[in-house]
Amino acid sequence: MPLALLALAIGAFGIGTTEFVISGLLPEIADDFGVSIPTAGYLTTGYALGVLIGAPILAILGGRVPRKAMLMALMGLFVAGNALSAAAPVFAVMLAGRVVASFAHGAFFGIGAIVAAGLVAPQKKAAAISMMFTGLTVANVVGVPMGTMVGQSVGWRTTFFLIAGLGVLAVLGIAALVPRQPRPERAAVGGELAAFRNPQVLLAMAMTVLGFGGVFTMTTYFTPMMTDAAGFASSSVTWLLVLFGLGMVAGNLIGGRYADRALMPMLLTALTGLAIVLALLPLATHNKITTAIAVPLIGAMGFATVPPLQKRVLDQAADAPTLASAANIGAFNLGNAIAAWLGGLVISAGFGYTAPNWVGAAMAASALLLALFSLALERRTGAREASGAAGARAGRIVARQESAPERQYS
């Protein structure tokens with residue numbers, strides 16, 4: 001794998017840290033601003049919606065910008081957003097900073113996935129994409145636990161200032177390691193939008209919304225779920241996040257490896273496992289050992305869906321990948337926003353901090369049904385095309401046979 005993937009992974013590490021560290025710092029931020037836990041959860045929802053909105057807008061605006069320069073500009077926006085969050089005097093400004101930082105998220109991963117896939121041979125594209133996303137998953141092993149520990153001991157504002165520093169490091173890494181990227185050949189907005197006429201692209205994005213969104217029903221309310229429901233001490237949240245992050249790293253690498261070999265079987269397996277583990281987590285929280293087993297399994301199953309889903313969108317939108325790739329990152333975060341909102345609703349309704357997992361299980365199961373439908377549609381379309389091609393060949397053979405006597409007597 002090219003060294004340039006390390007630069008992309010550094011940027012992904014910073015983005016992953018700022019996205020997920022909220023889970024460990026939600027009580028501290030809520031107390032500091034004097035808001036409830038569900039209200040503080042809007043920091044997750046706002047971030048996710050910012051990714052959803054910002055991804056297509058920045059992908060279109062940067063359509064004629066060389067991809068390396070665009071990646072550096074996006075990380076600059078990321079730095080500005082996190083610095084604003086760190087210095088926020090009131091909750092509304094904190095939320096605004098999260099949205100600013102989130103605007104860089106979708107376009108960075110969308111464009112970065114195209115760059116990563118272009119650096120390797122075709123049969124290694126999913127693995128290259130997973131290597132970039134490894135930065136996101138390693139953030140949950142190192143960045144998020146460290147950020148949580150710093151935030152709980154020194155103050156959450158320090159955490160976000162450090163994350164802004166990670167963004168600066170990512171800009172330097174991209175400048176030094178990513179090779180020069182030419183201007184995208186197909187930068188016309190009409191050409192990019194044409195990809196969305198493909199039903200398989202839309203189905204893949206719907207799977208992204210529902211499948212990965214299910215993970216966020218657990219992660220958004222992770223700290224109160226682990227302390228209030230499972231009975232862990234607040235100090236245990238850090239190592240539980242490490243377990244979750246280790247599961248994410250393993251799932252991401254496995255998903256990338258096997259998506260290059262058998263994409264849809266890998267996706268179906270991951271979605272099935274995710275739905276089952278999420279459904280069982282409310283029962284698992286009655287015991288600390290079973291909780292500690294379930295947490296990394298959710299991380300593994302959730303992130304095993306990421307490389308196959310991103311590669312499927314790139315494959316289905318091969319003629320105009322930039323907007324579709326960025327929009328699919330937005331779809332991940334639309335699922336996150338929906339999951340965080342639904343999770344807050346069931347908690348506010350009095351069902352407890354484990355209830356959001358039932359919502360997540362239902363979302364993952366719905367994604368599984370869409371994946372099965374997509375596979376059936378693909379096979380039916382392939383069979384129809386094969387039948388049409390066979391008919392055309394048979395017609396040409398008959399035509400040649402019928403014209404043979406005419407040639408004989410002419």
Side-chain angles (χ1 to χ4, degrees), residues 8 10-26 29 39-62 70-88 91-113 132-133 135-137 139-140 143-144 147 156-157 159-168 170-171 205 208-209 212-213 215-216 219-220 306 310 323 325-341 343-344:
L8 299 177
I10 292 171
F13 180 85
I15 291 173
T17 301
T18 202
E19 180 178 19
F20 293 106
V21 79
I22 283 291
S23 298
L25 297 178
L26 209 62
I29 295 172
T39 298
Y42 290 145
L43 294 173
T44 296
T45 305
Y47 186 96
L49 291 176
V51 176
L52 176 67
I53 296 169
I57 292 175
L58 290 178
I60 291 172
L61 292 177
M70 189 63 186
L71 289 172
M72 293 174 65
L74 289 168
M75 288 312 301
L77 186 64
F78 171 82
V79 171
N82 281 285
L84 179 61
S85 292
F91 181 77
V93 176
M94 170 71 173
L95 182 58
R98 292 283 292 169
V99 172
V100 170
S102 72
F103 263 52
H105 182 131
F108 180 87
F109 278 112
I111 296 171
M132 179 188 70
F133 276 96
L136 179 66
T137 56
N140 286 271
V144 173
W156 62 267
R157 295 180 187 275
T159 297
F160 283 94
F161 275 125
L162 291 174
I163 292 171
L166 284 174
V168 174
V171 172
M205 291 184 178
T208 297
V209 170
F212 193 76
V215 178
F216 259 66
T219 58
T220 301
V306 174
Q310 194 68 16
L323 181 57
S325 181
N328 195 53
I329 300 298
F332 278 109
N333 287 272
L334 174 60
N336 298 350
I338 292 172
W341 173 63

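Worth saying up front: this structure is predicted, and the values here are computed from it rather than measured.
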Looking at every non-hydrogen atom in both residues, tell me the closest pair between [X] and [Y] and how far apart they are.
{"X": "Leu74", "Y": "Ala104", "value": "O-CB, 3.0 Å"}
{"X": "Gly97", "Y": "Ser85", "value": "C-OG, 3.2 Å"}
{"X": "Ala339", "Y": "Gly213", "value": "CB-O, 2.9 Å"}
{"X": "Ala88", "Y": "Arg157", "value": "O-NH1, 2.6 Å"}
{"X": "Gly16", "Y": "Ala139", "value": "C-CB, 3.8 Å"}
{"X": "Ala340", "Y": "Thr220", "value": "CB-OG1, 3.7 Å"}

Can you check whether [X] reaches [Y] side chain to side chain, under 4.5 Å on heavy atoms?
{"X": "Met70", "Y": "Phe108", "answer": "no"}
{"X": "Phe20", "Y": "Phe216", "answer": "yes"}
{"X": "Tyr47", "Y": "Thr44", "answer": "no"}
{"X": "Ile22", "Y": "Arg98", "answer": "yes"}
{"X": "Phe109", "Y": "Met132", "answer": "yes"}

Tell me, please, which residues at least two apart from Ala331 pass side chain to side chain contact (heavy atoms under 4.5 Å, CB included).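 Listed in chain order: Met205, Thr208, Val209, Asn328.
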
Partners passing side chain to side chain contact (heavy atoms under 4.5 Å, CB included) against Leu166 (at least two apart in sequence or in another chain):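 With sequence neighbours excluded, Leu166 shows a side chain to side chain contact (heavy atoms under 4.5 Å, CB included) to Phe13, Thr17, given in chain and number order.
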
How are the rings of Phe212 and Phe332 set relative to one another: parallel (under 30°), tilted (30 to 60°) or perpendicular (over 60°)?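 Perpendicular: the ring planes of Phe212 and Phe332 meet at over 60°.
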
Would you compute the distance between atom CD1 of Ile15 and atom CG of Leu136 and round it to the nearest 0.5 angstrom?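 One gets 8.0 Å once the value is rounded to the nearest 0.5 Å.
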
Mind running side chain to side chain contact (heavy atoms under 4.5 Å, CB included) on Val51 and Glu19 for me, showing each step along the way? CA-CA 11 Å; Val51 176; Glu19 180 178 19; 6.0 Å; no

Under 3.5 Å, sequence neighbours excluded: what are the donor-acceptor pairs made by side chains of residues 76-84?
unit_1, atom_1, unit_2, atom_2, d
Asn82, OD1, Thr18, OG1, 2.5
Asn82, ND2, Phe78, O, 2.9

Crowded around Phe103 CZ? As in, over 12 foreign heavy atoms under 6.0 Å?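 Counting other residues, nucleotides and ligands, CZ of Phe103 exceeds 12 neighbours.
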
Criterion side chain to side chain contact (heavy atoms under 4.5 Å, CB included) on Val21 and Phe160, from CA distance to verdict: CA-CA 9 Å; Val21 79; Phe160 283 94; 4.1 Å; yes

